[in-house]
Amino acid sequence: MSSIAAPLRSVLHPAAAVRRRFRAWWQARLPRTDTLLLTQRNIYILPTRAGLMFGVTLVVLLLASINYQLSLGYVLTFLLAGSGIVSMHVTHNTLRGLTLHLRPPSAVFAGTSALLDVTLTSAGRARFGIGLSLESTPGKAVAWTDVPEGGQSSAQVSFVPPQRGRHDVPTIQIETRFPLGLFRAWAIWRPAAQVLVYPRLEQPAAPLPAAHPVPGGPAARRSTDGGEVEGVRSYRRGDPLKMVLWKKAARTLETTGELVSRDTSASVQHQLWLDWSHCTGLAPEDRLSRLATWVVAANRAGADHGLRLPGVEIAPGQGEAQRKECLEALALWS
Amino acid sequence: MELTTPPRLGLAARWRHLPREARDTLFLLAVIGWTVLPHVNHLPLWCTALTAVVLLWRTRLALTNAPLPSRWVLIAVLALAAGLTLWSYRTIFGKEPGVTLAVVLMALKTLELRARRDAFVVFFLGFFLVLTHFLFSQSLLVAAAMLGSVWGLLTALVLAHMPVGQPSLSSASRLALRTALLGAPVMVLLFLLFPRMGPLWGVPQDGLVKTGLSNTMRMGTVAEIALDDSIAMRVRFFGNPPAPETLYFRGPVLSNFDGRTWTTGIASSAPARDELRATSPGLDYEITAEPTRLFLIPTLEATSAIEPIDGLTARRRDTLSWGTDRLVFNRVRFKATAHTRFEHGPQQRSPSLRENVLLPNGYNPRTLAWARELGDHPRMANADAPALAQAVMQHIRTAGFTYTLAPGVYGETDERVALDEFWLDRKEGFCEHFAAAFVVIMRALDVPARVVTGFQGADPMPIDGYYIVRQSHAHAWAEYWVEGRGWVRADPTAAVAPDRIVRSRNLVPAPGFVAGAISNVNPELLAQLRQTWETLNNRWNQWVLNYSRGQQLDLMKQLGFDSPSWQDVALLLIGILSGLALLGASWAWWDRHRQDPWARQAMQMRRSLRLLGLAALPHEAPRTLAAQVHQQYGELGAAVAGQLMALERQRYGHAPLTRPSAQWLRALRGEVRALRRSAQHAPR
């Protein structure tokens, strides 16, 4: 559907707009929860198009049986009708008693897809043909899974968050048509979890800004390290593995039992400030994108980096925690 | 580069290595093939061939994972099939052309089996095809074969809704069977109580050639019937069964003769004006007759009364036959009363007898001359009708006539002397020849006479007490009119082949290969097998196929309704269905509070622990609770804490339980009670 067609359709079909509003109102009533037990209070069931066709077929079979006075025709018609009724219960039963649990989703960059990992648990029987999809996307991809008897299975649905920020996880729809496809049972689930979305990464990435020398830094540092070869120091927690000098470390491990890393602060003697003011001439969102890209690049390079945003300043540092802190600040800055 | 041939796999292994989609398609194709197969008898040859080619083609496509043909190919083939149907039947409407087209459509639909929607069309067409079989036969065998088809179609439907992995055929078929079995009570209920009504619109006349009684008789026609071993009707007598030689079942009475063909006369459709004068007590019996496709039901001679038949009005005709208001296209069952000794027909010579002395001009001159000679004989000078009949019978007995079902064709060179050839030259024939010659001669002697067709004799079935009348029991005999008595039966065949009448031995046609082999080894066994099979078939007919409004009302009477009507049946059905729905609704209401069993156990556990004065909040794990117990009660609480740790292991440890154990909860409660007691007594 093109973006122009959608509003046009809503004008042409006021019923569609009403339906959408009703759906929004209805879903807003559903409590948000990360663990959902499906009971008959939250499962809906309706015949599918094929189910209606099946009904028509039954009527045709019945008429033929009456007109040709076929006892076996009656038997066939009623056997299929009985199976159809049973299939309705089986379809409903497939969902009822199922427990869904959403694992806390990990943060993603805007424009990349966020994965929602759902665990399905069946306390009792095995359940087949359970499909998970996002309720909002039309023509959606459905993730199908079977849940073994008394066991668990998992299914993943993904969505692409539109922009940075903290977003509610979209509404998930659980459906099944098992066993005969005549009925479709479904449930609507609004998970409580939120997904953190970092700014979109810039493509292609702009080069990192020039690092500035740390005033008085190297001198002070050298004195604390005292007597060591310049540029090498003992391993500290949080040092990236590629900074470890493995050949030297093999020797020092034998003697002192320590790893040694390259002392970047000593060798680079620079500090990298990723600053809002570095990205002049860009729209605010694009500035955030560039800063996020730099955070990722700086982290990859293993450089100490700090972040300055209007109203926010994160002191230089490195490692996973620093990266997370910076990106989170960028995601939530307003 | 050297080509390496892939290792040859066994059939089973190849089946296992097929991709899921190919396997499902092959299974569906097999089910379709099985469903279509019994139709081969009713289909034109081109249709069978086309269907086979299409199904094999689709099989190949599935095995090689090749793309499906374009829509234009399908349309072209469909147009060709429609054209061939038109060419075969001169119409595309009606039963047989319809079935032909349905089979072709079904086969072609498999060639565009892409989306699930297409699959559904195949399934629904499949169910419809299953029904079409019942138009031709509703026998046990067909029912069993079609049960297999329905099972296969349901299995394919289940498979289509198991999108994950490669579910095995056996598990899908088990699920399908389970669904069908759970639905069976609904089926039985609906079958018993769905109101039966008559056809909604006229059943189209079909071109099916079926042997059986007919309104016409021509030399040689009954011989065809004699070769048909299928069952015409089943008879049950309430009381002593009559002697075999009196078992005459009356069908059409043929009083009109145009020289070639005997047809029913005017009287045969007129309601009875002449009374039936019974001279023996009534004999009650019940007949389950296969469709006659005539305005007539066969009855035991002479039936004076018939209980009302469901959906059919039967009246006694002037000819003593029982006519109906519509063509009998379904199996009918009725109870009736017959008399083995009776008189009927006008006692005085009346105008209605006139058509029974008419003979066409210019036919069979030598036979007529022979009759005149007999009448002119001095001994016959003032002989009455019985004496004349006696003389003719005597002639048949003594003049060297032979009873044979294969007398050859009479009147090959000149149709007008066919009877002459039989009566004076070759003298070989069966019932219809003897009856026709007898009637012609009686008429030549100015005695009203007519041919009666029907069945004579029956095979007793010792297993369930039913007598079976087969098409091969079809018979033709004669009646002549006697002043003061009315119509009198004469069976000229009895004069030449008394065996045919007394033991009602029907000439058994050459049995099939298998039957022949069995009867060579053990004739008794074959007879026994056949009897058992026919008994089973009879049960099937009586209980399933013949279940109609009458039986429905009988059932209602047994259920305690005094004078049930079909409205009562409908009400009962609606009542039971709404009762079931109500039951379901109340169960659903009860089930509303369903909980995860672990959650329920946790709630009960917390309730128990609160008796000990612990807060026991919902998010606290058993381990945390155990620590709290230990903190509050010290060593006294060790047992309760131990139980909680056991729960921790049960739920999260190695090989966790899938369901909470009831014993554990009992044990915990016991320990909690014990702890409370000891805590009250022990100094803190």
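Naming: A, B, ... by sequence-line order, numbering from 1 per chain. The basis for the numbers below is simple: all heavy atoms, side chains too, and nothing from hydrogens, waters or symmetry mates. Note that the structure is predicted; figures quoted are calculated from it, not measured.
Proximity to chain B (any heavy atom under 4.5 Å) is shown, for A/L70, by both the backbone and the side chain. Heavy atoms of A/L72 lying under 4.5 Å from chain B belong to its backbone as well as its side chain. For chain A, the nearby part of B/L175 is the side chain; its heavy atoms alone come within less than 4.5 Å. Residue B/V150 touches chain A through its side chain alone, counting heavy-atom pairs closer than 4.5 Å. Within the 4.5 angstrom heavy-atom criterion, no atom of A/V56 approaches chain B. For B/L181, no part lies near chain A; criterion is any non-hydrogen pair under 4.5 Å.
Proximity of A/Y68 to B/L131: side-chain heavy atoms (C-beta onward) are nowhere separated by under 4.5 Å. Inter-residue side-chain proximity for A/H89 and A/R96 is flagged as unmet; no heavy-atom pair is nearer than 4.5 Å.
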A/F183 vs A/H92, ring-ring contact (aromatic ring centres under 6.0 Å, His included): CA-CA, chis, key distance, verdict: CA-CA 9 Å; A/F183 291 88; A/H92 195 261; over 10 Å; no

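Here A/V75 is the residue among A/V75, A/V90, A/I85 with the most heavy-atom pairs under 4.5 Å with chain B. Ranked by heavy-atom pairs under 4.5 Å with chain A, the list B/H133, B/M162, B/R178 is led by B/M162. By number of non-hydrogen pairs under 4.5 angstrom with chain B, the leading residue of A/T57, A/D146, A/L182, A/L180 is A/L180. In terms of heavy-atom pairs under 4.5 Å with chain B, the best-connected choice from A/L62, A/T77, A/L80 is A/L80.
For the pair A/R29 and A/W26, the distance from NZ or CZ to the six-membered ring centre is under 6.0 Å and the angle to the ring normal is within 45 degrees.
Remark: the A/T176 side chain and the A/T94 side chain contain no N/O donor-acceptor pair separated by less than 3.5 Å.
Note on ring orientation: taking the six-membered ring where Trp is involved, the planes of B/F123 and B/F120 are perpendicular (angle over 60°, cut-offs 30° and 60°).
For the atom pair CG (B/L159) and OG (B/S173), the distance works out to 8.5 Å, reported to the nearest 0.5 Å.
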